[in-house]
**Student:** 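Below: one structure in C-alpha cells.
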4 protein chains.
Amino acid sequence: MKRARNDQAKGDRKQDILNCAEELIQESGLENLSIAQVAKKAGLAVGTIYLYFPKKEDIIAHLTIKSREILLRKFVESGASTADALEKVSLMLWAYLNFYKEHPFYHQLVSFYETNAGLEEPEELLVASRKITGYVIEVIQSGKAQGNIHPDIDESEFSFLLWASAVGVIQLIDVKSSIIQTQLHKGTDAFFSSFIDLIIRSLKK
Amino acid sequence: MKRARNDQAKGDRKQDILNCAEELIQESGLENLSIAQVAKKAGLAVGTIYLYFPKKEDIIAHLTIKSREILLRKFVESGASTADALEKVSLMLWAYLNFYKEHPFYHQLVSFYETNAGLEEPEELLVASRKITGYVIEVIQSGKAQGNIHPDIDESEFSFLLWASAVGVIQLIDVKSSIIQTQLHKGTDAFFSSFIDLIIRSLKK
Amino acid sequence: MKRARNDQAKGDRKQDILNCAEELIQESGLENLSIAQVAKKAGLAVGTIYLYFPKKEDIIAHLTIKSREILLRKFVESGASTADALEKVSLMLWAYLNFYKEHPFYHQLVSFYETNAGLEEPEELLVASRKITGYVIEVIQSGKAQGNIHPDIDESEFSFLLWASAVGVIQLIDVKSSIIQTQLHKGTDAFFSSFIDLIIRSLKK
Amino acid sequence: MKRARNDQAKGDRKQDILNCAEELIQESGLENLSIAQVAKKAGLAVGTIYLYFPKKEDIIAHLTIKSREILLRKFVESGASTADALEKVSLMLWAYLNFYKEHPFYHQLVSFYETNAGLEEPEELLVASRKITGYVIEVIQSGKAQGNIHPDIDESEFSFLLWASAVGVIQLIDVKSSIIQTQLHKGTDAFFSSFIDLIIRSLKK
DNA sequence: TATGAATGAGCGTTCATTCAT
DNA sequence: CATGAATGAACGCTCATTCAT
C-alpha cells in the first residue's frame with residue numbers, strides 16, 4: 001500500500017496526495033474518504049497532508065476541478081466529428097451519460113458541488129466550471145449562426161439550464177434506474193435519449 | 001426528568017419529535033441531524049425517541065413523505081385555476097419554485113431521496129412519490145386530449161424527465177444563485193421562467 | 001407472533017413467559033435475550049414480566065432449572081437399559097453429549113451457571129443440581145456394591161469431578177471442534193469417546 | 001489534556017493501557033470492561049486507546065496471550081524439579097490450581113476463549129495455546145518412553161482432554177467452592193487433589 | 001394485577017484537526 | 001518541511017428497570 005516516496009522524483013507531493021485520495025474515493029466512495037487513509041496510502045504522515053491541504057475539503061475541491069476538466073475534454077471530443085451544432089449538443093449529452101457510466105466516481109465529484117449548498121467554490125473551481133459553460137455557449141452560438149438553433153435563445157442562460165437539467169436527469173438515473181426500468185419498461189439509454197430529444201426540440205428553430 | 005414541552009402537544013409525542021427534528025434540520029441541515037439533539041430539543045431521553053422511530057432514517061422518511069405531500073398539494077392547487085394543460089404544467093413548475101423558496105427545508109428533504117443513491121425507499125415513500133408523478137401524468141394526458149400537447153409524448157416518461165430536470169434546476173438555483181445573478185444579470189425567477197419556457201416548448205404540438 | 005392471552009386458560013402466566021423466553025433464546029442465544037422481546041412474544045406489557053420475574057436473571061434461573069431437569073431425565077433414561085454401573089456411567093456421558101447436540105440451547109443454560117462466578121444460585125436451582133449429583137452418586141454406589149468400581153472412590157466427590165470435567169470437555173467441543181478435527185484428525189464423537197475411556201479407567205477396580 | 005500517568009511508564013503507552021485494562025478487569029470482571037473506562041484510568045482520550053488497539057477485542061487478546069504465557073511458564077517451572085513424567089503431570093496440575101488462586105484474573109482470561117463459542121482466535125493466540133498443549137504432549141511422550149505412562153495413550157488427544165477437564169474443574173471450584181465445602185466437607189485443595197488422582201490413574205500403565 | 005411510556009447511562013467506534021518535536 | 005501521537009466530541013443505538021396510571 002505504501003508508496004516509495006521517491007516515485008515521482010520528490011516533485012509533486014501535492015499530486016501524489018491527490019492521486020491517492022482519488023484511488024480511495026474510487027474504492028470506497030467520497031463519503032468514506034478520511035485523511036488518515038490518504039496519509040497511509042501516500043506513505044506520509046497525517047500532518048503532512050495538512051501542510052498541502054489545510055482542509056479536507058480542499059482535496060475534494062481539487063479533485064472536482066480535475067473531474068470537470070475531464071468532462072470538458074469529453075464534451076469537446078464528442079463534438080469534433082460534426083459541424084452541426086444541434087448534433088453537437090446531442091453528442092455532448094451522450095458524452096455526459098458515458099462520463100457518468102465510465103467514471104461514476106468523477107461524476108460523484110462533479111455533482112457534489114452542484115448538490116451541496118453552502119459550499120464555497122474557490123476561484124479555481126469556478127474557472128473549471130466556466131470553461132464548461134463556455135464551451136456550451138460557443139456551440140449554441142454557432143448553431144444560431146448556422147440557423148438551426150432558434151435565435152431567441154440566450155446561450156448563456158441555456159448553458160446553465162442544460163447543465164442543471166442534465167445533472168438532475170443523471171441523478172435520477174443514478175438513484176432510480178430500477179424504477180425507470182420497472183415503470184417505463186425502458187433502459188437507461190432509451191430514457192436519456194428522450195431527455196436529449198426534449199432538449200433538442202426546445203432548441204430548434 | 002425534564003419534560004419541557006409537556007404542556008404543548010402532549011397528546012402527540014410523535015408529532016412533537018417530528019417538529020423538533022424539522023426545526024433542527026432547518027437550523028443546521030439534514031446532514032447534521034442527530035438523535036441526541038432531537039431528544040434534547042424535545043425534552044426527552046434518547047431512548048424515548050427510539051420508541052417512536054426505531055431508526056434515525058425513519059424520522060427523515062416521515063418528514064420526506066410530509067414534504068412530498070405538501071408539494072403534491074401545491075401542484076394540485078396550482079392547476080386549479082385553469083383547464084389548459086400547458087398552463088397547468090407552467091403553474092406547477094412555478095409552484096415548485098415557490099415551494100422551494102417558502103420551504104427550502106422541505107425541498108432539501110424532497111431532493112434528498114432523489115440525490116442519494118443506495119437509499120432504499122420504503123413503500124410509503126414510494127406511494128407519495130407515485131402520487132406526484134401520477135398527477136403530472138394526468139395533466140399531460142389531458143393536454144394530449146385537448147390537442148395542445150404533442151401526441152407523441154410518453155406521459156410517464158415525461159413526468160420523470162420533468163421531475164428530474166426541475167430538481168436539477170432548483171438545485172442549481174439553490175447552490176449557485178449568486179453566479180446566475182452575476183453571469184446572467186438575472187434573478188432566480190427570470191431564470192426559472194426560461195426553464196419553464198424550455199419545458200413548454202418541448203411539450204407543444 | 002403475539003399469543004392470545006387465553007391460550008392456557010389464564011392459568012400459567014409464569015409458564016407462558018418462560019416458554020416465550022425459551023423460544024427467544026433458542027432463536028437468538030442467551031446473550032441476546034431482552035425483556036422487551038419476551039414481553040412482545042408473550043403479548044404482555046414489559047411491566048407485567050417484572051411482576052412475575054423481578055430480575056431478568058430470574059427468568060434465566062428458571063430456565064436453567066428446567067434444563068437441569070431435562071438433563072437428569074436423560075441421565076436416568078440412558079442407564080435404564082443396563083444394570084452394570086460402569087456401563088451406566090458410560091451411557092450417561094454419551095447422554096450428556098447428545099443432550100448438548102440435540103439441545104445446544106439447554107446446554108448453554110446448564111453451563112451458564114457453571115461458568116459464571118458470582119451468580120447466586122437460588123435454592124430451587126440447587127435442588128435441581130443436587131438431583132443430578134444424587135443420581136450419579138447412586139450409580140457409583142451400586143457399582144461399588146457390584147464390585148466393578150473401585151471401593152476407595154468417594155462417590156460424592158467423584159460425581160462433582162465427573163460433572164466438572166464433562167462440562168469442560170463439552171465446552172472444548174463446543175468452542176474448538178474444528179481445532180480438534182484439524183489437530184487430532186478426529187470427530188467430536190471419537191474425542192468424547194476417549195474422554196469416557198479416561199473416566200471409566202479411573203473408576204475401575 | 002490530563003496526562004496523569006505521564007511520569008510512570010511514559011515510554012510504553014501500550015503497556016500502560018494493558019495494565020489499566022488488567023486492573024479494571026480485576027476490579028469488575030471481563031464482561032464489564034469498557035474502552036471509556038480504560039481511557040479514563042490511563043488518563044488518555046478514548047481515541048488514543050484506538051491508536052494502540054483498533055478493536056476492543058485486541059486488548060483482551062493481548063491480555064489472554066500474556067495469561068497463557070504466564071501459565072506455560074508455571075507449567076514448565078513446576079516440572080523442573082523432577083524427571084518423572086507422572087509427577088510432572090501432577091505438579092503441572094497443582095501449578096494450574098495455584099495459577100488460578102494467585103491470578104484469578106488471568107485465569108478468567110485463559111478460560112474466556114475456551115468458553116465462548118464463535119470467538120475467532122487470532123494466530124498469535126493460537127500460538128500461545130499450542131505452546132501449552134505442546135508442553136503437555138512432550139511430558140506425556142517422555143512418560144511413555146520412561147514406561148510409566150500407558151503406551152496406548154494418544155498424547156495429543158490426552159493433552160486436550162487434560163486441559164478441558166482441568167478448566168472444567170477449576171471453573172467448578174471458582175463458582176461452587178462453598179458447595180464443595182458444604183457437601184464434601186473438603187477444601188479446594190483436597191478436592192483438586194482427587195482430580196489429580198483421577199487423571200494420574202487414567203494415565204498409568 | 002396490569003400497563004407501556006419513559007428513562008439515561010452506557011456501549012464501541014470514528015475522524016478532522018492540532019501541535020510539540 | 002515533516003512527523004504522528006493525541007485529542008474528545010460526536011455518532012447511532014440498546015436495554016434493564018421504574019412508576020404513574
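What's counted below: heavy atoms across the whole structure, side chains too, no hydrogens, waters or symmetry copies. Proteins get letters first, then strands, A, B, ... in listed order; numbering begins at 1 in each.
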**Student:** Rounded to the Å, how far apart are B/L24 CG and F/dA10 C1'?
**Tutor:** 15 Å

**Student:** Could you check whether A/R68 pairs with A/E114 (Lys NZ or Arg NE/NH1/NH2 to Asp/Glu carboxylate O, under 4.0 Å)?
**Tutor:**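 Salt bridge flag = yes for A/E114 with A/R68.
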
**Student:** By side chain to side chain contact (heavy atoms under 4.5 Å, CB included), which residues pair with B/E124, not counting sequence neighbours?
**Tutor:**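 For B/E124 the side chain to side chain contact (heavy atoms under 4.5 Å, CB included) partners, ignoring immediate neighbours, are B/I65.
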
**Student:** Restricting to ring-ring contact (aromatic ring centres under 6.0 Å, His included), what partner residues turn up for B/H62, sequence neighbours left out?
**Tutor:**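 B/H62: ring-ring contact (aromatic ring centres under 6.0 Å, His included) contacts with B/F53.
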
**Student:** Excluding sequence neighbours, so at least two apart, what forms ring-ring contact (aromatic ring centres under 6.0 Å, His included) with C/F105?
**Tutor:** none

**Student:** Atom CG of B/D16 and atom C1' of E/dA6: how far apart are they, to the nearest Å?
**Tutor:** 14 Å

**Student:** What pair of heavy atoms forms the shortest contact from A/L33 to A/K56, and how long is it?
**Tutor:**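 Heavy-atom minimum between the residues: O-NZ, 2.7 Å.
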
**Student:** Just to be sure I understand the rule, does A/Y52 reach a base, reach only the sugar-phosphate, or reach nothing, if contact means heavy atoms closer than 4.0 Å?
**Tutor:** sugar-phosphate

**Student:** Going by the rule side-chain hydrogen bond (donor to acceptor under 3.5 Å, both in side chains), which residues pair with C/E69 if we only count those two or more places apart in sequence or in a different chain?
**Tutor:** none

**Student:** Write down the distance between NZ (C/K40) and P (E/dT3), rounded to a whole number of angstrom.
**Tutor:** 16 Å

**Student:** Please report, rounded to the nearest Å, how far the P atom of F/dT14 is from the CG atom of B/L51.
**Tutor:**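 Spelled out: CG on B/L51 to P on F/dT14 is 12 Å.
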
**Student:** Considering just the side-chain nitrogens and oxygens of A/R13, establish if one lies under 4.0 Å of OP1 or OP2 belonging to F/dC1.
**Tutor:**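 For A/R13, the contact criterion (side-chain N or O under 4.0 Å from OP1 or OP2 of F/dC1) is not met.
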
**Student:** Quick one: closest heavy-atom pair of B/P54 and B/Y50, and the distance?
**Tutor:** O-CD2, 3.4 Å

**Student:** One character per nucleotide, please: for nucleotides 13-21 of chain E, 5' to 3', B when the base has a protein heavy atom closer than 4.0 Å, S when only the sugar-phosphate does, - otherwise.
**Tutor:** BBBSBB---

**Student:** Please determine if B/E120 and B/K55 form a salt bridge, counting it only when a charged side-chain N lies under 4.0 Å from a carboxylate O.
**Tutor:** no

**Student:** D/I17 has an atom CD1; how far is it from atom C1' of E/dG12, in whole Å?
**Tutor:**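 About 15 Å, once rounded to whole Å.
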
**Student:** Using the C1' atoms of five pairs at each end, what's the angle between the two axes of the helix from E/dA2-F/dT21 to E/dT21-F/dA2, to 10 degrees?
**Tutor:** 30°

**Student:** For the pair made of CD1 in B/I49 and C1' in F/dC11, what is the distance, rounded to whole Å?
**Tutor:** 15 Å

**Student:** What distance do A/C20 atom SG and A/I49 atom CD1 have between them, rounded to the nearest 0.5 Å?
**Tutor:** 7.5 Å

